[in-house]
K.L.:
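Let me give you the structure first, and then I'll get to my questions.
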Amino acid sequence: MAASAQRERIYTVVAQIPPGRVTTYGRVARLADAPTPRMVGSAMRHLPEDSTLPWHRVIAASRRLADHGGAERQRERLLAEGISFTAAGKVPESRLWP
DNA sequence: ATGCCGGCTCAGC
DNA sequence: GGCTGAGCCGGCA
């Protein structure tokens, strides 16, 4: 399979995440049949600014926001969707999208 | 074509 | 629960 096709599949999966829900890089990787979770992060990093993809709904397996430049932005977007954070900055497990 | 850098994860302390 | 090291594979310079 072509590598670019994998990114498309990743994008497709991410697009399926319903508002108010989040999922992890690992989950996306599994669903998109990506070789490794890193590819998901890589795919996200290459997203254009004007992308409508809900990248903010993808978090780390620890249920915290991944460490990247837009983490602040991501946190706000999630809050806007009604996602609550624990004192430790983690997302409740019940918010995870299967 | 080669090398270095990632929006990670898991196992082990 | 938190830190560290290693593995992993695709982009991009």
Side-chain angles (χ1 to χ4, degrees):
Chain A
M1 60 168 74
S4 54
Q6 293 197 5
R7 280 190 301 176
E8 283 187 41
R9 240 170 300 125
I10 290 171
Y11 294 146
T12 303
V13 172
V14 173
Q16 309 300 312
I17 308 173
R21 285 306 197 59
V22 298
T23 194
T24 69
Y25 291 94
R27 292 277 256 285
V28 174
R30 179 170 56 80
L31 294 173
D33 202 33
T36 130
R38 269 187 113 86
M39 303 290 75
V40 179
S42 186
M44 295 296 102
R45 202 182 83 67
H46 282 272
L47 281 178
E49 304 285 333
D50 55 357
S51 174
T52 60
L53 211 71
W55 54 270
H56 54 278
R57 296 184 194 140
V58 184
I59 64 177
S62 57
R63 274 184 260 113
R64 305 211 236 147
L65 302 190
D67 182 31
H68 64 298
E72 281 297 315
R73 211 162 27 210
Q74 180 175 14
R75 190 174 61 88
E76 288 186 33
R77 286 192 190 231
L78 290 177
L79 286 171
E81 291 188 352
I83 307 261
S84 56
F85 288 87
T86 68
K90 306 210 296 195
V91 174
E93 198 173 348
S94 57
R95 293 276 119 184
L96 281 176
W97 180 63

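So that the names make sense, note that chain A is the first sequence line, chain B the second, and so on, each numbered from 1.
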K.L.:
Given dT9(B), is OP1 or OP2 found less than 4.0 Å from the side-chain N or O atoms of Arg64(A)?
P.N.:
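No, outside the criterion.
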K.L.:
What's the shortest heavy-atom distance between Pro98(A) and Leu31(A), and which atoms?
P.N.:
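In terms of heavy atoms, the two residues are closest at O-CD1, 4.1 Å.
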K.L.:
Looking at every heavy atom in both Ala71(A) and Ala66(A), which two are closest together, and how far apart are they?
P.N.:
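Here Ala71(A) and Ala66(A) meet closest at CB-O, 4.0 Å.
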K.L.:
So which pairs with a foot in residues 64-74 of chain A pass salt bridge (charged side-chain N to carboxylate O under 4.0 Å, His left out), sequence neighbours left out?
P.N.:
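Passing the test, one end in residues 64-74 of chain A: Glu72(A)-Arg75(A).
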K.L.:
Rounded to the Å, how far apart are Asp67(A) CG and dT4(C) C1'?
P.N.:
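Going from CG in Asp67(A) over to C1' in dT4(C) covers 16 Å.
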K.L.:
Under 4.5 Å between side-chain heavy atoms, hopping through other hydrophobics if needed: is there a path connecting Val58(A) to Leu47(A)?
P.N.:
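They do share one cluster, since a chain of ILVMFWY contacts under 4.5 Å joins Val58(A) to Leu47(A).
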K.L.:
I'd like a table of atom pairs between the protein and nucleotides 3-5 of chain B - only N or O on both sides, under 3.5 Å - with the distance next to each one.
P.N.:
none

K.L.:
Can you give me the closest heavy-atom contact between Ser84(A) and Pro92(A), atom names plus distance?
P.N.:
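Shortest heavy-atom separation between Ser84(A) and Pro92(A) comes out as O-CD, 2.9 Å.
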K.L.:
So, do Pro54(A) and Arg77(A) sit near enough that their side-chain heavy atoms are less than 4.5 Å apart?
P.N.:
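Of all side-chain heavy-atom pairs linking Arg77(A) with Pro54(A), none is under 4.5 Å.
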K.L.:
Short of 4.0 Å, heavy atom to strand atom, which residues of residues 50-62 of chain A count as contacting DNA chain B?
P.N.:
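When residues 50-62 of chain A is checked for heavy atoms under 4.0 Å from DNA chain B, the hits, listed by number, are Trp55(A), Val58(A), Ala60(A), Ala61(A).
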K.L.:
Linking I/L/V/M/F/W/Y whenever their side-chain heavy atoms sit closer than 4.5 Å, directly or via other members, would Leu96(A) and Ile83(A) fall into one cluster?
P.N.:
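Yes, Leu96(A) and Ile83(A) fall within the same hydrophobic cluster.
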K.L.:
Membership question, hydrophobic clusters at under 4.5 Å side-chain separation (ILVMFWY): are Leu53(A) and Ile59(A) in the same one?
P.N.:
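As far as the 4.5 Å side-chain criterion goes, Leu53(A) and Ile59(A) are not connected within one cluster.
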K.L.:
Output the residues of residues 79-90 of chain A in contact with DNA chain B, where contact means a heavy atom of the residue under 4.0 Å from an atom of the strand; sort by number or write none.
P.N.:
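DNA chain B contact set from residues 79-90 of chain A: none.
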K.L.:
To the nearest angstrom, how far is Arg63(A) atom CZ from dT9(B) atom P?
P.N.:
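To the nearest whole Å, that distance equals 12 Å.
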K.L.:
Going by the side chain to side chain donor-acceptor pair (under 3.5 Å) test, which pairs reach into residues 88-98 of chain A, not counting sequence neighbours?
P.N.:
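Qualifying pairs, neighbours excluded: none.
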K.L.:
Keeping to residues at least two apart or across chains, list the salt bridge (charged side-chain N to carboxylate O under 4.0 Å, His left out) pairs with something in residues 14-29 of chain A.
P.N.:
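Residue pairs with at least one partner in residues 14-29 of chain A: there are none.
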K.L.:
Once Watson-Crick and G-U wobble pairs under 3.5 Å are found, how is DNA chain C written in dot-bracket notation, 5' to 3', with | for any base paired to another strand?
P.N.:
.||||||.|||||
K.L.:
Quick one: which residue pairs count as a side chain to side chain donor-acceptor pair (under 3.5 Å) with a foot in residues 48-60 of chain A, not counting sequence neighbours?
P.N.:
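Counting only pairs at least two positions apart or across chains, the side chain to side chain donor-acceptor pair (under 3.5 Å) contacts touching residues 48-60 of chain A are His56(A)-Glu81(A), Arg57(A)-Glu81(A).
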K.L.:
Is the shortest heavy-atom distance from the side chain of Arg63(A) to the side chain of Val22(A) under 4.5 Å?
P.N.:
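No; the side chains remain at least 4.5 Å from each other.
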K.L.:
Any link between Val40(A) and Ile17(A) through a network of hydrophobic side chains (Ile, Leu, Val, Met, Phe, Trp, Tyr) touching at under 4.5 Å?
P.N.:
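Yes, Val40(A) connects to Ile17(A) through the hydrophobic network.
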K.L.:
For the pair Tyr11(A) (side chain) and Ala43(A) (backbone), establish whether a donor and an acceptor sit closer than 3.5 Å, ignoring hydrogens and angles.
P.N.:
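Here the side-chain-to-backbone pair exists.
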K.L.:
With the sugar-phosphate defined as primed atoms, P, OP1 and OP2, and the base as all remaining atoms, what B/S/- string results for nucleotides 6-13 of chain C, 5' to 3', for protein heavy atoms under 4.0 Å?
P.N.:
-BBBSSS-
K.L.:
Only counting residues at least two apart or in another chain, list the ones meeting side chain to side chain contact (heavy atoms under 4.5 Å, CB included) with Ala60(A).
P.N.:
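Per chain and number, Ala60(A) pairs via side chain to side chain contact (heavy atoms under 4.5 Å, CB included) with Ser62(A).
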